[in-house]
Amino acid sequence: MRVISDIEYAAGLKMDLYLPDADGFDLIVWFHGGGLENGCRADGAGLGASFAAQGYGFASADYRMYPAARYPDYLLDGAQAVAFVQRQAKAYGGSGHVIVSGQSAGAYMTMLLALNPALLRNAGADRAAVAAFVSDSAQQTTHYNVLRERGEDSRAERIDPAAPLWYVGAERLPAPMLLIAYENDIPCRPEQNALLCRSVRRFEPDAPIELVLLPGGHCAGSSHPAENGEYPFVTETLRFLQRTIEQETEE
């Protein structure tokens, strides 16, 4: 595995790359969790090593957070990270296939980057060229810290332009999408993901979207490896990618 640290993708914002030894790999852009106010790109080190061992590249990106940041600062940063990786992937040995993913708050960012076309477009990224979107326990309603910023009760379920659910049905899914949630997740989180999946299928019955419910608490599958040393999140993501991206490549 090759590790390239402290790559500046935008002013004051950096990412770390975890790359397999052989070139021609697909590259996963990853946004860490932490409620939009905690966490850092180093949190993805274990996942990066695990994906690299399976032949995938992994870019763990920082983004601005509360209290310095406000909505939609972190979304704009995420879009810049995707645009950077799309431009530079082949220079680092990648195939050009880019997957966007994240955990918790980073998954919320992932879903808005997937469903709100203005975010990636305005950053100069090609949304249609993203090979897949994978979210690990995303909030599909307006994020609780966005509600707190507005002075609202953070426990409320709101669907407005700051919610991924707001954009369902506006157009077809831009790429295959995997939603992961947990049996003992944050209250309402599994239901939100089930709602988004079912809502998409009301507009697109054959949409390439899949919901997986894993055992454990919030983001357990990406936070801790299982007894066999593998991260359940990595296992599910690879299964999904191999069945979608690689199958499309063969066709």
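Remember, predicted model here, so these are calculated numbers, not experimental data.
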According to a 4.5 Å side-chain heavy-atom criterion applied to Ile, Leu, Val, Met, Phe, Trp and Tyr, with indirect links allowed, do Ile4 and Leu47 form part of one hydrophobic cluster?
no

Note, Tyr71 side chain near Asn145 side chain (heavy atom, < 4.5 Å):
no

side-chain contact (heavy atoms from CB on, under 4.5 Å) for His143 and Leu36? Distances and angles first, verdict last.
CA-CA 9 Å; His143 195 275; Leu36 301 172; 3.5 Å; yes

Cut-off 3.5 Å, no hydrogens considered: what does the side-chain donor-acceptor table look like for residues 215-223, sequence neighbours left out?
residue: His218; atom: ND1; partner: Ser137; partner atom: OG; Å: 2.9
residue: His218; atom: ND1; partner: Asp185; partner atom: OD1; Å: 2.7
residue: His218; atom: NE2; partner: Ser104; partner atom: OG; Å: 2.8
residue: Ser222; atom: OG; partner: Gln103; partner atom: NE2; Å: 2.8
residue: Ser222; atom: OG; partner: Asp136; partner atom: OD2; Å: 2.4
residue: Ser222; atom: OG; partner: Cys219; partner atom: O; Å: 3.3
residue: Ser223; atom: OG; partner: Gln103; partner atom: NE2; Å: 3.3
residue: Ser223; atom: OG; partner: Cys219; partner atom: O; Å: 2.9

Which heavy atom in Pro190 sits nearest to a heavy atom in Ala181, and how many Å separate them?
CA-CB, 4.0 Å

Under a 4.5 Å side-chain heavy-atom rule over Ile, Leu, Val, Met, Phe, Trp and Tyr, are Leu13 and Leu75 clustered together?
yes

Any side-chain to backbone donor/acceptor pair from Arg70 onto Pro67? Under 3.5 Å, distance only.
yes

If we only count heavy atoms from C-beta on, is the Arg150 to Asp160 side-chain gap below 4.5 Å?
yes

Might you point out which heavy atoms bring Ser5 and Val3 nearest each other, and give the distance in Å?
OG-CG1, 3.8 Å

So how far is it from Ile28 CD1 to Tyr56 OH, rounded to the nearest 0.5 Å?
7.0 Å

Contacts satisfying side-chain hydrogen bond (donor to acceptor under 3.5 Å, both in side chains) that involve residues 44-53 (not counting sequence neighbours) are none

Interatomic distance, Phe240 atom CZ to Met177 atom CE [nearest 0.5 angstrom]
8.5 Å

Close side-chain approach of Glu210 and Leu178, heavy atoms under 4.5 Å:
yes

What side-chain hydrogen bond (donor to acceptor under 3.5 Å, both in side chains) pairs are there with at least one residue in residues 7-21, not counting sequence neighbours?
Asp16-Arg41

To the nearest 0.5 Å, tell me how far Gln242 CD sits from Gln54 CD.
8.0 Å

Do Pro174 and Leu120 come close enough that some side-chain heavy atom pair is under 4.5 Å?
no

Scan the side chains in residues 105-115 for donor-acceptor partners under 3.5 Å anywhere in the protein, sequence neighbours excluded, and list what turns up.
residue: Tyr108; atom: OH; partner: Ala162; partner atom: O; Å: 2.5
residue: Thr110; atom: OG1; partner: Ser101; partner atom: O; Å: 3.2
residue: Thr110; atom: OG1; partner: Gly102; partner atom: N; Å: 3.3
residue: Thr110; atom: OG1; partner: Gly106; partner atom: O; Å: 2.9

Are Tyr231 and Ile99 in one and the same hydrophobic cluster, where Ile, Leu, Val, Met, Phe, Trp and Tyr link if side-chain heavy atoms are under 4.5 Å apart?
yes

How long is the span from the CZ atom in Arg239 to the OG1 atom in Thr244, to the nearest 0.5 Å?
9.5 Å

Closest non-hydrogen atom pair, Ala131 against Pro176
O-CD, 3.3 Å

Please report the C-alpha distance between Met65 and Asn38 in whole Å, then the side-chain angles of each, then the deciding distance to 0.1 Å, and finally whether the side-chain contact (heavy atoms from CB on, under 4.5 Å) criterion is met.
CA-CA 7 Å; Met65 294 184 290; Asn38 293 296; 5.5 Å; no

Do Ile209 and Leu214 sit in the same hydrophobic cluster, where Ile, Leu, Val, Met, Phe, Trp and Tyr count as joined when their side-chain heavy atoms come under 4.5 Å apart?
no

Closest non-hydrogen atom pair between Phe51 and Val234, with its separation
CE1-CG2, 3.7 Å

Set of ring-ring contact (aromatic ring centres under 6.0 Å, His included) partners for Phe233, sequence neighbours left out
Trp30

Side-chain donor-acceptor contacts of residues 76-96 below 3.5 Å, not counting sequence neighbours, with atom names and distances?
residue: Asp77; atom: OD1; partner: Arg64; partner atom: NE; Å: 3.2
residue: Asp77; atom: OD1; partner: Arg64; partner atom: NH2; Å: 2.9
residue: Asp77; atom: OD2; partner: Arg64; partner atom: N; Å: 2.9
residue: Asp77; atom: OD2; partner: Arg64; partner atom: NE; Å: 2.9
residue: Gln86; atom: OE1; partner: Asp126; partner atom: N; Å: 2.8
residue: Gln86; atom: NE2; partner: Asp126; partner atom: O; Å: 2.9
residue: Ser95; atom: OG; partner: Phe25; partner atom: O; Å: 3.2
residue: Ser95; atom: OG; partner: Asp26; partner atom: OD1; Å: 2.6
residue: Ser95; atom: OG; partner: His97; partner atom: N; Å: 3.1

Identify whether Phe31 and Val98 are in the same connected component of the hydrophobic contact network (ILVMFWY, side-chain heavy atoms under 4.5 Å).
yes

Could you please spell out the steps behind the side-chain contact (heavy atoms from CB on, under 4.5 Å) verdict for Gln139 and Gln192?
CA-CA 7 Å; Gln139 183 161 356; Gln192 290 175 11; 3.4 Å; yes

Indicate the atoms forming the closest heavy-atom contact of Met15 with Ala59, along with that distance.
SD-CB, 4.0 Å

What distance do Leu147 atom CG and Thr142 atom OG1 have between them, rounded to the nearest 0.5 Å?
6.0 Å

Rounded to the nearest 0.5 Å, how far apart are CG of Leu211 and CG of Leu196?
9.5 Å

Using every non-hydrogen atom in the two residues, find where Ser135 and Leu179 come nearest and quote the distance to one decimal.
OG-CD2, 3.5 Å

For the side chain to side chain donor-acceptor pair (under 3.5 Å) test, which of Glu149, Glu37, Arg148 pairs with Tyr66?
Glu149

Within a radius of less than 6.0 Å around CZ of Arg201, do more than 12 heavy atoms belonging to other residues, nucleotides or ligands occur?
yes

Please check if the side chain of Glu204 supplies one atom and the backbone of Leu173 the other of a donor-acceptor pair under 3.5 Å.
yes

